[in-house]
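Quick caveat, the model's predicted, so the values are computed rather than measured. Values below: all heavy atoms of this structure, side chains included; hydrogens, waters and symmetry mates excluded.
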Amino acid sequence: MARDAFTVEDVNAQHGFALLRPDSGEGPFHAPLYPEPESDAPPFQLRKGDRVTGQRRGQSVTEVAWVTRAEPPYELVERMAELLAKLEQWELKVPATALELAEHHWRQSREDPLRSELTSQLPTFFDWELSHPYKDGALLERLEAALQPYLPGFAVRPLQGREAFVVDPGGHEVEAGEGDWDAPATTFEPLIQRVNAVLEQAGAPVRWVPTGNDWVLAPPALAELLVLNNVLGPR
């Protein structure tokens, strides 16, 4: 079946559709904001000015495929280039161009290569790919291992019979926070606060910094840079 050509005239992110103007005939038509996953298209949303093809189905268009994509704003590309340069000063390498990162950001990509790459180079408290934190038997061991370069001999263990942890050296007891399956971070927040206080007292250059439903171990200045550029924290 022949495919028709369209230009994206507008997008409605709130309701998840794009408005397409056909090259010929009446319109406009509606299309999903993102191409169908089975199309193997990049995980980007459509943007005004994109040129696409697709199959007309009544007042909708399916099987949308890009012909050309509108470029992200130049200012955003510049900002991503500056961020990459600053990350290199922290010896963090990201195998992507400023244009690629800007497109992921601008098009609300379903992937986040910048965040994924940085969290692979910076220790995180949880390992969501391994298991849920409440079932992660290696969680405290990873915490200890991550802190050894800054706090030699640091150790933490659960306190038997209580919802609490013991932090060494010093044998400090830390009550666990009230959490639930959907918000496990609240359980460990008091522990993280205590650990950050110990890091500060030791003059360590890093802290556990919140990032969405997790924490990442990084120098505060680096963490501030990532927060300001929407790399850390909810998207």
**OP:** Check whether any side-chain heavy atom of Glu75 sits under 4.5 Å from a side-chain heavy atom of Pro73, and report yes or no.
**Re:** yes
**OP:** Flag yes if Leu33 and Phe29 sit in one hydrophobic cluster, no otherwise; membership is Ile, Leu, Val, Met, Phe, Trp, Tyr, and two members link when side-chain heavy atoms are under 4.5 Å apart.
**Re:** yes
Original post:
Would Gln121 and Glu117 count as having a side-chain donor-acceptor pair, cut-off 3.5 Å?
Top reply: yes
Subject >> Heavy-atom pair with the smallest gap, counting every atom of Glu100 and Thr97 >> reply: OE1-N, 2.9 Å
Subject >> Carboxylate-amine/guanidinium proximity below 4.0 Å for Glu9 and Lys48 >> reply: no
Original post:
Measuring from Thr7:OG1 to Leu19:CG, what's the distance to the nearest 0.5 Å?
Top reply: 11.5 Å
**OP:** For Arg69, check salt bridge (Lys or Arg N to Asp or Glu O under 4.0 Å) against everything at least two apart and list the hits.
**Re:** Glu103
**OP:** Specify the closest pair of heavy atoms between Asp50 and Ala70, including all atoms of both residues, with the distance to one decimal.
**Re:** OD1-N, 2.8 Å
Original post:
Does Val77 sit in a hydrophobic cluster with other residues, and if so which ones, taking ILVMFWY side chains as linked at heavy-atom separations under 4.5 Å, directly or through other members?
Top reply: Leu99
Subject >> Inter- and intrachain pairs under side-chain hydrogen bond (donor to acceptor under 3.5 Å, both in side chains), touching residues 22-34, at least two apart >> reply: Asp23-Arg51
**OP:** Go through the structure and list residues passing ring-ring contact (aromatic ring centres under 6.0 Å, His included) with His132, not counting sequence neighbours.
**Re:** Trp128, Tyr134, Trp181
Original post:
If Ile, Leu, Val, Met, Phe, Trp and Tyr residues are connected whenever their side-chain heavy atoms lie under 4.5 Å apart, and connections chain through other members, are Met80 and Leu222 in the same group?
Top reply: yes
Scan the side chains in residues 87-96 for donor-acceptor partners under 3.5 Å anywhere in the protein, sequence neighbours excluded, and list what turns up.
none

Subject >> In one Ile/Leu/Val/Met/Phe/Trp/Tyr side-chain cluster, 4.5 Å: Leu226, Val206 >> reply: no
**OP:** Kindly compute the distance separating CG (Leu139) from CG (Leu191), expressed to the nearest 0.5 Å.
**Re:** 8.5 Å
**OP:** Please answer whether the main-chain N or O of Trp106 pairs with a side-chain N or O of Arg47 as donor and acceptor at a distance below 3.5 Å.
**Re:** yes
Original post:
What distance separates Leu140 CG from Phe188 CZ, expressed to the nearest 0.5 Å?
Top reply: 7.0 Å
Original post:
So which residues get pulled into Tyr74's cluster when ILVMFWY side chains under 4.5 Å apart are joined, directly or through others?
Top reply: none
Original post:
Is atom CD of Gln193 surrounded by more than 12 heavy atoms (other residues, nucleotides or ligands) closer than 6.0 Å?
Top reply: yes
Original post:
Do the side chains of Thr53 and Asp4 get nearer than 4.5 Å, heavy atoms only?
Top reply: no
Original post:
Can you name the closest pair of heavy atoms from Val64 and Arg3 and give their distance?
Top reply: C-NH2, 4.2 Å
Subject >> CG-CG distance between Asp127 and Asp136, expressed to the nearest 0.5 angstrom >> reply: 6.5 Å
Subject >> Taking every non-hydrogen atom, the tightest pair across Asn196 and Trp208 >> reply: OD1-N, 2.8 Å
**OP:** Could you pull out all residues at least two apart from Glu78 that satisfy salt bridge (Lys or Arg N to Asp or Glu O under 4.0 Å)?
**Re:** none
Subject >> Considering all heavy atoms, the nearest Arg110-Pro35 contact >> reply: NH1-O, 4.3 Å
Original post:
Are any non-hydrogen side-chain atoms of Thr124 and Leu217 less than 4.5 angstrom apart?
Top reply: no
Cut-off 3.5 Å, no hydrogens considered: what does the side-chain donor-acceptor table look like for residues 150-167, sequence neighbours left out?
{"from": "Arg157", "atom 1": "NH1", "to": "Asp168", "atom 2": "OD2", "distance (Å)": "2.9"}
{"from": "Arg162", "atom 1": "NH1", "to": "Glu173", "atom 2": "OE1", "distance (Å)": "2.8"}
{"from": "Arg162", "atom 1": "NH2", "to": "Glu173", "atom 2": "OE1", "distance (Å)": "3.4"}
{"from": "Arg162", "atom 1": "NH2", "to": "Glu175", "atom 2": "OE2", "distance (Å)": "2.2"}

Subject >> Side-chain (Ser109) to main-chain (His105) donor-acceptor, under 3.5 angstrom >> reply: no
Original post:
Which pairs count as salt bridge (charged side-chain N to carboxylate O under 4.0 Å, His left out) when at least one residue sits in residues 177-194, sequence neighbours excluded?
Top reply: none
Original post:
Could you walk me through whether Leu83 and Leu114 pass the side chain to side chain contact (heavy atoms under 4.5 Å, CB included) check?
Top reply: CA-CA 10 Å; Leu83 176 59; Leu114 180 55; 3.6 Å; yes
Subject >> Cluster check Phe125, Leu118: I/L/V/M/F/W/Y, side chain < 4.5 angstrom >> reply: no
Subject >> Set of side chain to side chain donor-acceptor pair (under 3.5 Å) partners for Thr186, sequence neighbours left out >> reply: none
Subject >> Residue pairs passing the ring pair (Phe, Tyr, Trp, His ring centres under 6.0 Å) test where at least one lies in residues 38-69, sequence neighbours excluded >> reply: Phe44-His104
Original post:
Do you know the tightest heavy-atom contact between Ala176 and Pro190?
Top reply: C-CG, 4.3 Å
Subject >> Lys/Arg N to Asp/Glu carboxylate O, Asp10 vs Arg21, below 4.0 Å >> reply: no
**OP:** Applying side chain to side chain contact (heavy atoms under 4.5 Å, CB included), run through Val216 and Val209 and close with a yes or a no.
**Re:** CA-CA 5 Å; Val216 63; Val209 182; 4.3 Å; yes
Original post:
Do the side chains of Leu130 and Arg142 get nearer than 4.5 Å, heavy atoms only?
Top reply: yes
Original post:
Would you say Gln148 has more than 12 foreign heavy atoms packed within less than 6.0 Å of its CD?
Top reply: yes
Original post:
Is Leu101 reachable from Leu225 through a run of hydrophobic residues whose side-chain heavy atoms are each under 4.5 Å from the next?
Top reply: yes
Original post:
Listed by chain and number, what are the salt bridge (Lys or Arg N to Asp or Glu O under 4.0 Å) partners of Asp214, not counting sequence neighbours?
Top reply: none
